[in-house]
Number of protein chains: 2
Amino acid sequence: MAGIPNAGSAPTLEMVAARAGVSRATVSRVVNGSPKVSPDVVAVVQEAIAALNYVPNRAARSLASRRTQAIALVVPESTAKVFNDPFFATLVQGIGLALADTEYTLSMLIESEAAFDKTRRYLLGGNVDGALVASHHTGDHSYAHVSRSLPVVFGGRPLDPGEQVNHTVDVDNAHGAELAGDHLVERGRRRIAAIAGPQDMPPGVDRLRGWQRSLERAGLAIDLVGYGDFSPASGAEAMRRLLEREPSIDGVFAANDQMAIGAYTAILETGRSIPGDVAVVGFDDDQYAAMAVPPLTTVHQPSLEMGEVMARTLVRLIDGEDVPATTLLPTRLVVRQSS
Amino acid sequence: MAGIPNAGSAPTLEMVAARAGVSRATVSRVVNGSPKVSPDVVAVVQEAIAALNYVPNRAARSLASRRTQAIALVVPESTAKVFNDPFFATLVQGIGLALADTEYTLSMLIESEAAFDKTRRYLLGGNVDGALVASHHTGDHSYAHVSRSLPVVFGGRPLDPGEQVNHTVDVDNAHGAELAGDHLVERGRRRIAAIAGPQDMPPGVDRLRGWQRSLERAGLAIDLVGYGDFSPASGAEAMRRLLEREPSIDGVFAANDQMAIGAYTAILETGRSIPGDVAVVGFDDDQYAAMAVPPLTTVHQPSLEMGEVMARTLVRLIDGEDVPATTLLPTRLVVRQSS
DNA sequence: TTGTATGCGTTATCAA
DNA sequence: TTGATAACGCATACAA
């Protein structure tokens, strides 16, 4: 079976073994850091490895060991918005950070409409030991299905609270929005509007609900609600309509910073000042919030930490540890000059 | 060797073969769309595949066929800046778009300082059929080395023009900056400053050079140069220093939009108006450029197209086709209200 | 502590 | 057109 070592292509375990004068098994043990190999043999083998510039073949290793040392990050949303969202960028960063401590590598699956089956096949084809699903919204019950045969951690809760998805990591959206509402109330604002996100996305729903709770507690009306899709342009448009409908608006909570920046445009267009005439509070604390003119008061979302927690949770899941089904990360208000 | 089909875990070729009453070889042919299989056999096999919900194991397939159907995207920069850069986000989008038409999947390697060897091992360990290296700057001669044993396409030229890297796709940075300079000159500006990017990054160098060429051609001084790191904060800081040094500045070219937005802050702080007192031109045409107040005149960089071209180039390279060593993508000026 | 032998799930090379 | 059977490169139970 052994045959002649293939001299042409990439070095194999076999070639290292031949050069070191030991068996393939021993080389394998050294490569995998087995404790039961005598020091001198380890030295000889490592020298051979270095000399040949040997790198283990992952496919072979994965086939034999039944693990891949890779995890997938699935982004089931139409790419454009997702990638232009600083939140997502930071999330990926956190994931990368957490994974840097491990031997896992990240495989990114960009989910376009047509490629759903491609992704599913990839996940089920033994390419990864587990998957991270970011931005979990309406359509993807399909991935809940995948989670039955593969460890999966979802970022964000499922849209339907009744739907028990095994493992999720989420940010406390509702509470953050309440903080925003409370802050505007404390600042003496009375006609407080909201620019909500899509109501088919959990953060869209939760942030609107938090705002409502806060205003109701203060005895204020919750009739001033506009909707956007989390983009700056949609925020501007929603704000324009709100101001037309109710010129006396003196405060507004936008469900994310990008829409808040859009609202800035609409408010300034009408000659109103920020925060003099209208106080603005956003959500996310993305990098543009602090740079806006005036700097935006917003709810800080721990997106970096969320990425880290998601990755660590998945790794523990893969290792067979017991992890909580749901992790909720705290949010906090960052007061700047727009309120 | 055959043994009893493993009923517990994922379905294998073997199990499909048993159910369809054919050999493994035939099932393999059907899965791979071989033309030399009789239609009725194809039908039976496909039914068995569907019934068992069979998905080929990628590791085994890769081991046997010596290809992985995966390509890596290497991001060799400290993650924070890269991920907050809209340019990068769009680049990834373009790559995803181009790959959606193919059977390739994307593996993302986030390069932290310490993990360099991990990345190298991954690339050389037979995990991918080729690699895309984004944001190619100083340190990574290492990847030029990798490109000798694996098809690699670099985004952006190497820092040292003399260093012949096999395949690169780049944007015409110098020409874009010239367009920006020419535009400011045409608008009658005479004291035109530049906020340059890091001079250890090719775009930083090329964009500054383009601005210089334009001003020299117009007979203007090129003494007003500040430097930033492509972040909004650094743009603001550079602008503050420039205005202190030379209060008569009436135009500024920033090497990217984020620094231009930072410059807005610094300019407005001093009570100056845009473009009345100071005209501003950026570079990139990212999504915030159009939303800025006033909307930012900028040089459009085809980042989406760049991603697509990089991906397509790599695929062709993997297929053994002949592709040009360098592809240069055109830039164009987008005039808005800041100039 | 080390080596032998077998299997991981496919593809590919032969024959039939 | 189909079927045996040998790789593919490594891990691991079992023997020594």
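Quick note on labels: first sequence line is chain A, next is B, and so on, each numbered from 1.
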Q: Would you tell me whether B:T168 and B:D170 have side-chain atoms, one donor and one acceptor, within less than 3.5 Å of each other?
A: no
Q: What is the separation between atom CZ on B:R58 and atom P on C:dT10, rounded to the nearest whole Å?
A: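 My rounded result for the distance is 12 Å.
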Q: Is there a donor in the side chain of A:S107 and an acceptor in the side chain of B:S107, or the other way round, less than 3.5 Å apart?
A: yes
Q: Where the side chain of B:N57 is concerned, which of C:dG9, C:dG3, D:dC10 is the nearest nucleotide?
A: C:dG9
Q: Under 4.5 Å between any side-chain heavy atoms of A:Y104 and A:T68, yes or no?
A: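 Not in contact.
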Q: Take atom CZ of B:R24 and atom P of D:dT1, then tell me their distance rounded to the nearest Å.
A: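 Atom CZ in B:R24 sits about 22 Å away from atom P in D:dT1.
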Q: When you measure from the side chain of A:D129 to the backbone N and O of A:Q69, does any donor-acceptor pair fall under 3.5 Å?
A: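 Yes, the answer is positive, given that a donor and an acceptor are paired below the 3.5 Å cut-off.
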Q: What I'd like to find out is whether the side chain of A:V133 reaches to under 4.5 Å of the side chain of A:V153, using heavy atoms alone.
A: no
Q: Could you say whether A:P35 or A:A25 is positioned toward the 5' end of DNA chain C, judged by the nucleotide with the nearest heavy atom to each?
A: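 First, find each residue's nearest nucleotide; the 5'-ward one identifies A:P35.
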Q: Of all the choices, C:dT10, D:dC14, C:dT11, which nucleotide is nearest to the side chain of B:A60 once you look at every atom?
A: C:dT10
Q: Please report, rounded to the nearest Å, how far the P atom of D:dC10 is from the CZ atom of A:R67.
A: 18 Å
Q: Counting heavy atoms from C-beta on, name the nucleotide in D:dC10, D:dT5, D:dG3 closest to the side chain of B:R29.
A: D:dG3
Q: From CG of B:N127 over to P of D:dG9, roughly how many Å is that when rounded to an integer?
A: 14 Å
Q: Go through C:dG9, C:dT4, D:dC10 for me and flag the one nearest to the A:S23 side chain.
A: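 The answer is C:dT4.
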Q: In this structure, how many angstroms lie between the C1' atom of D:dA13 and the CZ atom of A:R66, rounded?
A: 15 Å
Q: Can you confirm whether B:L99 sits close enough to B:I95 that some side-chain heavy atom of one is under 4.5 Å from a side-chain heavy atom of the other?
A: yes
Q: Tell me what B:V31 touches on the nucleic acid: a base, only sugar-phosphate, or nothing, going by heavy atoms under 4.0 Å.
A: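 Result for B:V31 = nothing.
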Q: Looking only at the side chain of B:A64 (C-beta and beyond, no hydrogens), which of the listed nucleotides C:dT10, C:dC8, D:dG3 gets closest?
A: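 My answer, after comparing the listed nucleotides, is C:dT10.
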Q: Using whole Å, report how far CG of B:L52 lies from C1' of C:dG9.
A: 15 Å
Q: Closest approach to the side chain of B:R61, judged atom by atom: which nucleotide of C:dT10, D:dC8, D:dA11 is it?
A: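 Between C:dT10, D:dC8, D:dA11, the one nearest the side chain of B:R61 would be C:dT10.
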Q: Select base, sugar-phosphate, or nothing to describe what B:T26 touches, counting heavy atoms under 4.0 Å on all strands.
A: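 The answer is sugar-phosphate, as B:T26 gets under 4.0 Å only of primed atoms, P, OP1 or OP2.
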Q: Which residues within residues 36-50 of chain A lie with some heavy atom under 4.0 Å of an atom in DNA chain D?
A: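 Per residue number, the list is empty: none.
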Q: Do we see a donor-acceptor contact under 3.5 Å between the side chains of A:N32 and A:S34?
A: no
Q: Rounded to the nearest Å, what distance is computed from the CG atom of residue B:L63 to the C1' atom of nucleotide C:dA12?
A: 13 Å
Q: Let me know the distance between CG of A:L13 and P of C:dA5, rounded to the nearest Å.
A: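 Rounded to whole Å, this separation is 17 Å.
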